[in-house]
Structure formats: structure tokens, C-alpha cells
Protein chains: 2
Amino acid sequence: MAGTKQARRAPADRYDERRNQLAESALQTLGELGYARTSLREIANNSEFSHGVVHYYFADKFELIIYCVRYYKSRCVTRYDAVVEDSTTPEELLTAFAAKLVETVREEAAMHRLWYDLRTQSMFEEKLREAVLMIDATLEAMIWRVVSRYAELAGRPTAMTPAAAYGVLDGLFQQALLGHLTGSTVAVDSMAAQVHELMPLMLAPSAA
Amino acid sequence: MAGTKQARRAPADRYDERRNQLAESALQTLGELGYARTSLREIANNSEFSHGVVHYYFADKFELIIYCVRYYKSRCVTRYDAVVEDSTTPEELLTAFAAKLVETVREEAAMHRLWYDLRTQSMFEEKLREAVLMIDATLEAMIWRVVSRYAELAGRPTAMTPAAAYGVLDGLFQQALLGHLTGSTVAVDSMAAQVHELMPLMLAPSAA
DNA sequence: GCAAAGTCTTGACAGTCGTCAAGGGTCGCG
DNA sequence: CGCGACCCTTGACGACTGTCAAGACTTTGC
């Protein structure tokens, strides 16, 4: 990025920059209204551009949304890696992981209800499936890094497949998110307790 | 209202009958297209009536959809009760439960992706929340009947809250449903295996 | 400084949406 | 028979949607 602007501002840079700006506005709007009620005009209203510009940078609505999904992934997928790297005992990792989950539900609720929305839409709309499945696999891998590191620190082998570990944790997370959005004050803390109970069960029984 | 019926065909009966007919057409359409793309006209097209009749029986779109959710519940919520009642050993219950889950994903995929769709919509639309939360609680109770009966047959106490048990199983179910809808042939069987591994972990460790 | 390429706005299009009013149709009762 | 209540259709409304073309504004290369 350092010296790109001298003779003619590099078109590719500016192009991607605008696409990312629009993706950001789109993510904000989608997180607020949900997929069903989000229009391209509303997305443009939440940006500094007019509604026609969307079709200058994206072929159609799906291309924008799919681009958004991928753009979102690049920010979200390393969220728990610091937890993995900084923890030195299984208890420490478990507590830090649960705390990070709680923080995520509380502070990124809109973005995550959007994720669940889009994942569900992909059950109806084929065009969304490829991008959704790719992110789902990435999230599964992210969770698996936590679980396998947890097993390593505990000195016990894992007793679940990556898919199963992701599935159950995702279920708890989704439940907590719904509870949080409906005003429940205990749902999020309840999730933390559930994760504390569940994670040891993902490892083979201890020798003791 | 109850006294307005004469020898003439009881209005209340016919009224409810029509509402249920429309709810059935609506559920079929919603299961096919999803919430975002389902219009009242399309619902009417999938019934034997014209599009105007919807507003004769329902005040607006939300009243129809909420009625649908409740109508759907009445059919779905006892699905696993036969499993609970007919099983005499924990292994038998577990196998029958897993088989029923597999059957449900395979044969009721449309209806369940609709359920996940509506539940996610309730994260954005307050009007849907009350009905969704009511069903969610009913489903949690349904799952808990299975788990607690399983514990009873195994002679071991449960080691999870009803919410946690529902959360993790729902996560696995949703994962399998997405896999099934994307054409995966192993996703559903994989869920059965995961349930077999997970259910024993919901009970306190055996003495042995 | 000019022409061309790139960027953005505006306005319009063909549909579709939820909603509702006006009007037939049908049926049972007096 | 004819009246009135109930049931349903038809057609229309205003608003909103995704899409795109025409043109204006800006930036760049020469």
C-alpha cells in the first residue's frame, strides 16, 4: 500500500477498497435488519454512496452478499487463536475460551445473528451454499484448534470428532445468542457454565 | 362468540378449519422457499383459495406466520414420545432415538429448515419472539423427556441441565440438516454416531 | 489543457409486495 | 321467495424491490 499512488491511482486498489467499504455497510445493515428485510438501497444509505453504485462494483445482490460473507470471515476466524496461544494450563484455556465466548455473544450479537441467518438461508438458496460451507468449515477448524490444544494441555486425547465438537458448541452458542437477544441476563452466563462442563467431556476419561 | 352458532354450519368450526388449511399451505410454502421469499400470494397459490382470502382469516402476515408456528408445534412436539415409552433398556432407547433423529432429518428436512429460519428471524423481529420462545421451550422439554428417561433406564442421574442437553443436540441436528440439504450422504449417519457418543456423557459417570 | 477513462448520481423500468375495498356468490333462515 | 349473513374473488392502491441506462462529475495520460 505504501507507494501505490503516483502515476494513476492503481485501479485495482481503489476497486477493492470500494468493495470492502460496501461490504462493511452491507454487513452493518444485514446485522441490523436481517437478510429478509435488507435491500440494496438500505445498504447504500448506510454508506456514503448512492444506491446505483452497488451495481458498479457488484454484478447483483448475491455477489455482494457472498463477498460480505467472505469478507466477514477474514475478521472473525482468528478470534480464539490468542486464547489458544496464551494459555498454559487446561483450566486457564477453558476459562479464557468461555470468557471469549461470552464476550462475543455480548459484543458481536448482530454479526452472529447475521451469520446464523445466512447459514439458514443457504438451506433454501443454493447460491449461498458454497460460501457458507466454506466458512462453516473454517469455524469448525477454529474450534478444533481450541479443543485439540485443550486436550494437549490436559495430556489426554480428544474423544470427539471436529464436527461433533463444533456442532455441540455451536448449539450452545446459538442458544445463548437467542437468549441474550431476548433480554435474558442469565443466558450468556449459563452458556459459560455449560461450556465448562462440556469441554472435559470432549476428552478421553482421565486415568484417575 | 360461542353462542352465535345456529343450525347453520357452525361458524367457529369452519373458521378454524380454514385457518388450519391456510396454515398448512403456508407451512408448505415456507418450507420450500424460506421466510424471506414467501409471499402471501404464493401461499394462496399453494392453497385452493385466492390471495385475498388470507386477510379474511388473518389480520396480517405476522398473525398468519405466528399461527403457523403454533400449528406446527402441535404436530411436531410429541415425535419422540413413542421412543421414550417403548424402550426398556438405555441402549434400546438410544438407538431408537438416534434412528428417529435420522428419519426426521431425512423426511422432514423442509419443515425443520423452516423452523431454524423462523427461529433466526425472531432474532431480528420482535413480533416472532414470543411464539418462537414458546416452541423452543416445548422442544427443550421434549428432548428432556428423552434424556431423563435414558438416565432412568441406565440407573444413573443426569449430568446436564435441560437447556444444555437441548442446546448440544440441537447443534448436532442442525449441522446434520445442513449437511443433508447440501447433498452429503454421510452427514446424517455421522449425526447418529455423534448422538450415540454424546448421550452417555449426559449422565453422571458410571460407578464402574 | 484536452480527451479519454474511470467513478458516481439520478431517474426510470418492470415486478412484486402487503393490504384493503367493492362486489359477486352461496347458503340457510324467516 | 327473498333477505341477510357469511365466504370468497377480483382488482386496485401505494410502497418497495433489483436492475440498469443515461449522463454528470472526477481523475488521469498525453
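Order of the sequence lines fixes the chain letters, A, B, ..., with proteins taken first and strands second; residue numbering starts at 1 for each chain.
- Between B/Tyr57 and D/dC7 there is no side-chain polar atom (N or O) within less than 4.0 angstrom of OP1 or OP2.
- Every residue was checked against the ring pair (Phe, Tyr, Trp, His ring centres under 6.0 Å) condition with A/Phe124, not counting sequence neighbours, and none meets it.
- C/dG6 atom P lies 17 Å from atom CD of A/Glu17, rounded to whole Å.
- Between A/Arg14 and D/dT27, a side-chain N or O to OP1/OP2 separation shorter than 4.0 Å is absent.
- Relative to the ring axis of A/Tyr35, A/Lys61 places its NZ or CZ within 45° and under 6.0 Å from the centre.
- Regarding B/Tyr15, its OH atom lies at a distance of 15 Å from the C1' atom of D/dA5, rounded to whole Å.
- No salt bridge links B/Asp81 with B/Lys100; every basic N to acidic carboxylate O contact stays at or beyond 4.0 Å.
- Between the side chains of B/Tyr57 and B/Asn20, no donor-acceptor pair is found at a separation under 3.5 Å.
- When the options A/Met123, A/Glu130, A/Glu126, A/Arg129 are evaluated for a side chain to side chain contact (heavy atoms under 4.5 Å, CB included) with B/Thr182, the one that passes is A/Arg129.
- Between B/Lys127 and B/Asp60, none of the side-chain N atoms (NZ, or NE/NH1/NH2) sits under 4.0 Å from a carboxylate O, so this pair counts as no salt bridge.
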Original post:
Tell me, for nucleotides 9-21 of chain C in 5' to 3' order, what letter each nucleotide earns: B for a base near a protein heavy atom under 4.0 Å, S for only sugar-phosphate near one, - for neither?
Top reply: BBBB----BBB--
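- What separates CG of A/Asp13 from P of C/dG6 is a distance of 15 Å, to the nearest Å.
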